[in-house]
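A short worksheet on the structure shown next.
Proteins come first, then strands; the chains are lettered A, B, ... in the order of their sequence lines, and each starts at number 1. Predicted model only: the values in this text are computed from it and were never measured.
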Amino acid sequence: MSYVEVRSLSKSYDGTSVFQNIDLDVAQGQICVLVGPSGCGKTTLLRAVAGLAQPDGGTIHIDGRDVTHTEAKNRGVGMVFQHYALFPNMTVEQNLAFGLQQKKLSAPVIAEKVAAMVQLMGLEARAKARPAALSGGQRQRVALARALILEPKLLLLDEPLSALDAQIRKRLREELKRLQHQIGFTAIFVTHDQEEALMLGDVVAIMQSGRFVQVGAPADIYNRPAGLAVASFIGDFNLFEPAQVKALFNASTDATWAVRPESIDISKPGKGHAQKDEGPVLKGTVSSVQVLVAILRHYVRCGDLLVKVDVLNTPGAEKFVVGDKVSLRIPKHAISEMRQ
Amino acid sequence: MSYVEVRSLSKSYDGTSVFQNIDLDVAQGQICVLVGPSGCGKTTLLRAVAGLAQPDGGTIHIDGRDVTHTEAKNRGVGMVFQHYALFPNMTVEQNLAFGLQQKKLSAPVIAEKVAAMVQLMGLEARAKARPAALSGGQRQRVALARALILEPKLLLLDEPLSALDAQIRKRLREELKRLQHQIGFTAIFVTHDQEEALMLGDVVAIMQSGRFVQVGAPADIYNRPAGLAVASFIGDFNLFEPAQVKALFNASTDATWAVRPESIDISKPGKGHAQKDEGPVLKGTVSSVQVLVAILRHYVRCGDLLVKVDVLNTPGAEKFVVGDKVSLRIPKHAISEMRQ
Amino acid sequence: MRERNRLDWAFICLVAAFQLLPILAVALNAFATDWAGTVLPEGYTLDHVRSITSDPRFLQSIYNSLLVSVGSLILTPLIVVPAVLIAHCYFPILDRWMAILVILPFAVPGIVLALGLLRIYSGNYGIVLTGTPWVLIFGYMPVAAPLYYVPIKNNLRTLRLTELFEAGRLLGASDFAIFTKIVVPCIKQGLIIGLVMNFTLAVSDFVYANLLVGGHFPTLQIFMGVLNGGSGRKLSVLITTYFVVIFASTAIVVWAASRRDDK
Amino acid sequence: MRERNRLDWAFICLVAAFQLLPILAVALNAFATDWAGTVLPEGYTLDHVRSITSDPRFLQSIYNSLLVSVGSLILTPLIVVPAVLIAHCYFPILDRWMAILVILPFAVPGIVLALGLLRIYSGNYGIVLTGTPWVLIFGYMPVAAPLYYVPIKNNLRTLRLTELFEAGRLLGASDFAIFTKIVVPCIKQGLIIGLVMNFTLAVSDFVYANLLVGGHFPTLQIFMGVLNGGSGRKLSVLITTYFVVIFASTAIVVWAASRRDDK
């Protein structure tokens, strides 16, 4: 039996089903990321686990205990909200102490725990500040601290980073990962951002219109997407329709070929390809090059088709400029055949 | 003489200098990106070029004409604001027509231009909608269209994508790049996002506390940062302090070594390195692996130091898991020596 | 969803009934032959209506009330609206204080304002207005200010006015064009609410008219006061007529306010 | 920056002066020996003050005014605040209508409300309250509602109340604990503004007291009415005393409103 076990959970609002007979397992100490477009039901699932939404059917077990009909405050879960939900009339310390006070702990114990948590989260300088005086990143750090200080059996995070700007979001992701290593909590994390899902999840569950289309480790999901829907949601793909496959590679297939831009091997014609791997070769012309931070993206025109090719942006690597004639080798193992 | 030429421009507010004696050149048909942390003066510089802020000294030429003391509306510049600044009482079409009406064009000419622009931006379905009914991405597309329809000599964009969410931001970047190829405008683009700057800019100018610390092509800036400040702002770096360089590589230097995570070559010990390039070698243990979409990031512990190593997330590549002993070769040409 | 909607409506009707009960009572009274100790009047008649509309003072007082209301309606926004806009755009500190200053007239009883204004406008400072409608019109201004300030400010809160002006200028428009074609249409709704509330207030404010203008200029309210000494039944007729005007105005407010969500 | 600050302040003082002028005129009048045709009175005296404070009716009327004000002060929030909170959290449609319903009392003249309430509370519907302070207290409720609604709603707009309740519950708190420890402190400022505005309105509203309670229960306003027939000078003294109360209340509003930006 897994640490968190959701079995055939169903929920509908006003006669419209949000999800039906959903199962989910989370192992202790892992972060499970629910990712999907908005409206796919991921937040409702999270709220059902938290006890903030009553499911129509199914069961929820946490740490072996059936909590399906337990009140939210007795489930032993902590939650972090997208918009922080800090208590605006209280300082950072008072926000952290609130949950402990409800447990009727003694004042010195509370003070000690609060001080330790303030230090763990690096909030010493802002301990006496009210939420309104904090930056978005600091607020979310306080919200996380407020949930963690009660040592919940399960931490639920509802798009906690979406309201923050790119730089802060990146830093907080790192921090969350570090905290997980340090204090080892179990968490369900909801996001619509595939980048975030792949980076944070020990397990990633991709949800679309109320059901899981793929559940697995981040690397597996990236490299072996279960279908076109997953493939186009996670990362970039070059898609070759059957007709294009016929025209370009002279191969006959009824499936669409999906190839990741970074798995295509680009080189000057005649210079040979570094990778030993066999596969079809295309000739083309570089039509534009973009710097995506650590990656150089080449748009290569091959007949009607614009093929995306990514290489690492290393100083020593061979550079291609707009107008260069190039040869593209598509390794056989990099081709995913997709049928709708 | 460049198309846009800013010479020794200065501006201060309430006795505090925002920038002093700044020079900037933009060639016709190029996008120049001003990137820097908030408060570095990039927006004020943009507003001075637009004529919305009066500089204290210096000159601004656009297309050979001195516009330093010209009113904003006569400079022939178009501007796109972060929060769209669409006219809420007008439909999309009326917003687009507004500028043309001020030029006293005839109604049929206006209708024709508006229709063409609506089509170019793919706004056909929303042409009769008011801004409040549009999504953020659509609003910014209308704002861009409203600026472009007047065929400005220079397009100014003040963090136009910051208020949008990650997916839309990415799509609009692509679209902007495509539009530039299609209609070939000259633009100054302000952002705090290094990713955006590298992707969009033909020239990227990095601004810090009121001065340019580096101006150049995106690939150059990424691979040859002018100093530690630039290096740590653009992309990720492994930094080796002189003492660590001594300990790890047994080399004596007074500079900090900065090495991009993707330029480090990782392999199983004894298997040899693919790259021919010479350079020091480190032994370490993989302590965690993260999936950053197309990149696999390995954190490798070498003594006290956690070294970041990026490889492309291709299905055929050799995989390393937590606990693996690995050998890291740092190519000589990938080491940037930085002195504060 | 439908379940909840029905609950909502029940609740709304309850609140509305609570608010409308006194008005209904007055309206019934206007047409009642006799009414005491029963829930509904015993019979209905138009006698009171006929008796009051045949009084020439009634028509004169309606004319006077409208003159004052429309006068304040036209003059007040000309002063208040530009002040609100200027404070909103250029003087953030002033703007913060304005929110407090505009509630002053509410915090100061009408009688104090009336007496003070009477002193100012009655010659001590070179302004002689006593007994003319101008006293009323100018006397209303400080009272009318919040009625414009609050709804217009509500409209402005969601506008980024500075950016709209900048965007408009860069598109080649003059400030006047931006003001008439963008700003005014955007605050139109607040302006309508302000106008209607101002109008009903101006028509209805009893104390002012009574204290400021005395017998020289009989407005509807003074006429009511006179009648008050006489028949309570006649007063009810007057109030009911009068309430038709008020009700029409309120309908406009409701219409303007609900339009907010359609756009 | 400093340049602009000074301009702001000059402007603020100008507006304040415009609003305070009538009050100053009344205050001067209270202490004047003779005042006609000059900018300032010719001499000052405390005679009027002494003559009015020796009148037992004055003390009785102050007592009665306070009774009504404090009574409405205590009862109204107990009904209005929960209604606003419940509508805000659970009935968004109701909430939208409430914004319109609460302006009804402003759109309906006081005299209409007063007469209608008089009819309701005078026995036709089984409630006999005429001539007691209860008429005033209940009569004020519909008028007081917007004075609470607007500032509390302003406070609530920036709170995500549902999320705060959810967060509180997940931290193990009861709804009552969340209400008293989080919600009330957060809307405290709106509550204070509402209380003060309600208080000044209750103390000052002339028409109501006059029309509803007649001679049985003399409040300060009725006392003013009585004096009005007599000496205008005495009335000024009374209004000035009275204005001290109002001014203290206004000071509290200003203080509460400006605290908003400090946090």
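Using a 4.5 Å cut-off between heavy atoms, B/Arg75 makes no contact with chain C at all. Of the atoms belonging to C/Ser174, heavy atoms from both backbone and side chain fall under 4.5 Å from chain B.
What you find for C/Gly172 and B/Gln102 is that their closest heavy atoms are O-CB, 3.8 Å. Between B/Ala50 and C/Leu170, the shortest heavy-atom contact is O-CD2, 3.7 Å. Contact detail for B/Leu86 and C/Leu164: the closest heavy-atom pair is O-CD2, 3.2 Å.
Of the possible donor and acceptor atoms, one in the side chain of B/Asn89 sits under 3.5 Å from a partner among the backbone N and O of C/Lys181.
Residues of residues 66-74 of chain B having a heavy atom under 4.5 Å from any heavy atom of chain C, listed by number: B/Ala72, B/Lys73.
Open room surrounds NZ on B/Lys153; 12 or fewer heavy atoms of other groups in view lie less than 6.0 Å from it.
Note that CE of B/Met79 and CG of C/Leu171 are 11.5 Å apart. Values are rounded to the nearest 0.5 Å. To the nearest 0.5 angstrom, B/Gln82 atom CD is 7.5 Å from C/Arg160 atom CZ.
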